[in-house]
Every structure is written in C-alpha cells, then in structure tokens.
Amino acid sequence: MRKLMFVGLVVLVAFSLLEAQSTRNARHVVPTGKGWGVEVPRDIAPLVVITGNGINYHGGPVIKGTMKAYFIWYGNWTNGPHASDSQTTVNLLGSLFGSSGLNGSSYFRINTTYGDNSGNVSGNIVLSGSTTDNYSQGTGLTDARVQSVVSSAITSGRLPKDTNAIYFVLTSSDVRETSGFCTRYCGWHTRGTISGSDIKFSFVGNPDRCSSACEAQTVSPNGDSGADGMASIMAHEAEETATDPDLNAWYDSGGAENADKCAWKWGPTTGTVGNGAYNQTLASRHWLIQMNWENSRGGGCDKVLGGTFYTQ
Amino acid sequence: MKSRLFLIVMLTGVACSQSPISQGPTKRIETSTRLVAVFSDLNNELFQSIQKRDVAAFDRLVGEDFELRASSAPDNPKSREEWQQLEFRRPLHSFRISQMAVRGLRDDVAIVSFVLEEKRGTTAAVQKSLLVQAWLREGEAWTCQEAYVAPIAASAALSRKHDRRPSGKD
C-alpha cells in the first residue's frame, strides 16, 4: 500500500512539474457560460487579452506587479574615456529608474495595455539594486559573456535572484559587445536560465562610443549625452521585457515588439532634436525618450497612455 | 528500491525535457541603431522605386557616379544608368531587407550591409544576396555611391525571425 502511495505521489509531482513548466503548448479552460468549460490551446489568445491593434499575443506570460530593475555597471564608470563614463551617469539613470521616474508614469503605463490570461502589466518599475563589475569578462563582450556577468552578480550574492525583474548590464564606452553593438544595435534584451531560474536581462552600452549610431543628439537635456542616450534605450528594453519577457508574448507579424515599433520616434518635443530637445519630464528632469506602442484604440506610438498617436 | 529510483529518474527526466527553460540559448531582441533605422528606410525607398520604376526617386537616392560590382562579374562594374535599366527591366514582385549593419565612418559617410531577399519575374524562387553599400551625405540627403553584391547560397540559413524588418511588401 505504502509502495503504491509513493509511486502515485511521484507521478503526481512529475505531472505538476510538466504543467508548471509548459507554457507554449499548455491548454487551458475557458468558461462556456453553460456550467462547464472548454479546453482551448493557449496559443489562441484568451478573452482578457486584447488584440487587433497592430501587435499580436503569442501565449506567453507578461511581467505583472512591480517589475524590479537591477543595474550592473560594467567597466569604468568613474573616469572612463568619455566624460559620460562617470558617477553623473550613474546618478541620472538611478533617478530615471527611481520611484518618481518611469515608475507609474503615464509613459510607462502605456505597457498596461498588454496582458496575459492572468492579468496585465502594472506600469510600475523600480530600481531595486545595483552593483559594479570591474571588467571580469574583459573589454570585448560576447552575448554569452554578458550572461556570465549577470550570473556572477547573482550567484555571488551581489544582486538577488529575481524572476520578476530586468537585469541591465551597462558597459562603459571602452567596452565592445562583439555581436554588433554600434553597427546593428544599441542594446538588446533576452532571457536565460541562471541558477535554475528564468532571468531576464539586457545589454545597453554607453552610446558615446558611437554617438551617430546610438544617440539622437549629442547636446542633450541633462548635459550628459551618454546617460541621455542610454535613457531611451533602457526604457525601450524595459518595456519590451515587461510585455515580452520570454520572447513568446507580444510582437507583431514582422517580429517587432512594442518599443521596436516606435524606435527613434519621439512625437512632439520641446526644442529641436539634436539640440537638447526633450519630450518627457520624469524625476524632475527632462528626457528625450522614444514613444511606445499602445495596444488599444487601433494601436499607435504615443508619449503617454491614452495620448495622441504620432508617426514620427 | 531500484525500481523506485528508476521511476523517479525517468519521470524527472521527462519533466525536465519538457521545460522551455531548459532549452538551448535564447535569441536576443535587438534595439536597432538609429543608422539602421535610417538606412532601412532609405533602402526600402530605393527598392520601392525599382518596383514602381520611379526614375525620380531612383535618381534622388543613387549618386551620379554610382557603380555596382557583382561577385559574378567583378571585371564588369555597372554604372547607375546600366543598373537602373537592368533593374527596371525585371519586375520586382517583392523584397525583404534583413540583418542590416551600418558603420558610420564619419557623420557624412556610412557603410551599409544587409541581406536582400527578392522575387523577380515569373519565378516563385526567392533570391538572396548580401549587399554592401557606401553612402554619402550632402546636406540632409544621403545618396548611395557604391554597391557590392554577392549571392547567398540557398542552403545558408541566414534568415532569422527576429531579424525581420518591414519591406513594404510583407
């Protein structure tokens, strides 16, 4: 009898594991209104998910509740080759991701128009920790080395392990990312398994390394072209991580996620782009931050939730 | 005892093999550079001008001294006029630009490379090529001064979903 119970228990645990780990092919039940449910593949968007706004749901989870942000300042952020490799940048980006910055702003709440079958993105994001890394992987990073930087910060206990978070690896201007930083991209986000958990992380380099490629303006609202350039890229990665953390939730038929659809588009600005223009005021500072794709009213790029849609 | 262990190992193995998290490396989603955005737009305009046989748009985007060199005939570069005639003669049904990289050498000089997929004429086959272009900016206008083209073998698995960019025809 005990043997039978033991075998039953093992089978039950194994099936629970299967269910919990299977996201893409999972099936779930929707009510019929007749007292019983019908099983539908999860790939079919459930009723709570709003579609038809130029971006599609693919069944994966979004990040709900307050998303945490963790910064890993990689390289020399004290006195690097560019003036922006400095504590000023550290402070500016700390304020942008502080509680009165992007967090709960009408800009970041554009992401609340995205959800999965258990709820929507909250529109909240708060910097919850930061650490430094003194070139542990050298000055030429591969994607794998970026993941190693994140892994090291977590396994060494310098940052907590948090699956509801985005870990930013922020590199000083003397650091290369060899898979195409400055020629193909200014930043990227992805996910990986670190210490057995699904960790979301992002690379963003100091754009002063290639200002024509990764900065909209060298004269910038906070007098720090590196920080001001990073602000828009980091906002981009954060909103994509919130709405497509495992790369299987929200993107359009061309593979573009929400922020991709509005990259390098600002909407109306105060001042001229190229000469200190800004379009957002957050944490009592001015910023030039790209618009984001709102998943409502037919879809479009806007600066604030429910605001006017702009094409440029 | 042995059979219990066997059962545990087997079921745990099955559970782990089903886990999406235990799969291989995940792709990254890139934030394209500003220059990639600019030259994606310009190349979309260029190939749309070929599709529409729009001479004015073609001339606006391609410099007077333009030269095209192809790996199939490196000793026979084509001038702007020759390339335009050749391109306008063959109907371009659809095209797609992907995997673009741009090196801004100076504020007014950029080297652009990308994969071009095109459907021509009556054949349904997609031709894939690697294009490398040199662009020069005068004032606010960029013009293509030089291009190099080489076919990509059909077996080369270069196209990746997350690299897709709007082509205007997708």
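Residue numbering restarts at 1 for every chain, and letters A, B, ... go by the order of the sequence lines. Computed from a prediction, not measured in an experiment: that's the story for all the values here.
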Segment of A/His189 engaging chain B (4.5 angstrom heavy-atom cut-off):
both

Relative to chain B, which segment of A/Cys182 carries a heavy atom at a distance below 4.5 Å: side chain, backbone, both, or neither?
backbone

Roughly how far, to the nearest 0.5 Å, is the CZ atom of A/Arg184 from the OG atom of B/Ser113?
8.5 Å

Atom pair CZ (B/Arg28) and CZ (A/Phe203), whose distance is rounded to the nearest 0.5 Å:
10.0 Å

Can you tell me if B/Asp65 has over 12 outside heavy atoms packed within less than 6.0 Å of its CG?
no

Is it the backbone or the side chain of A/Ala263 that comes under 4.5 Å from a heavy atom of chain B, or both, or neither?
neither

So A/Glu215 and B/Arg34, salt bridge (Lys or Arg N to Asp or Glu O under 4.0 Å) or not? Walk me through it.
CA-CA 7 Å; A/Glu215 288 173 358; B/Arg34 191 181 65 81; over 6 Å; no

Do the side chains of A/Asp260 and B/Ile29 get nearer than 4.5 Å, heavy atoms only?
yes

What pair of heavy atoms forms the shortest contact from A/Cys186 to B/Ser32, and how long is it?
SG-O, 4.2 Å

Would the distance check show the side chain of B/Thr31 and the main-chain N or O of A/Ile233 forming a donor-acceptor pair, the cut-off being under 3.5 Å?
no

Please classify the contact of A/Ser202 with chain B as side chain, backbone, both or neither, using a heavy-atom distance under 4.5 Å.
neither

Examine distances only and state if a side-chain atom of A/Trp264 and a backbone atom of B/Leu35 form a donor-acceptor pair shorter than 3.5 Å.
no

Evaluate whether atom CZ of B/Arg137 has more than 12 neighbouring non-hydrogen atoms of other residues, nucleotides or ligands under 6.0 angstrom away.
yes

I'd like to verify something: which residue of A/Ala213, A/Ala259, A/Ala216 has the highest number of heavy-atom pairs under 4.5 Å with chain B?
A/Ala213

Whether over 12 other heavy atoms sit under 6.0 Å from B/Asn76 CG:
yes

Is B/Lys27 close to A/Thr190 at the side-chain level, that is, under 4.5 Å between some pair of heavy atoms?
no

Rounded to the nearest 0.5 Å, how far does CD of A/Glu240 lie from CD of B/Glu30?
11.0 Å

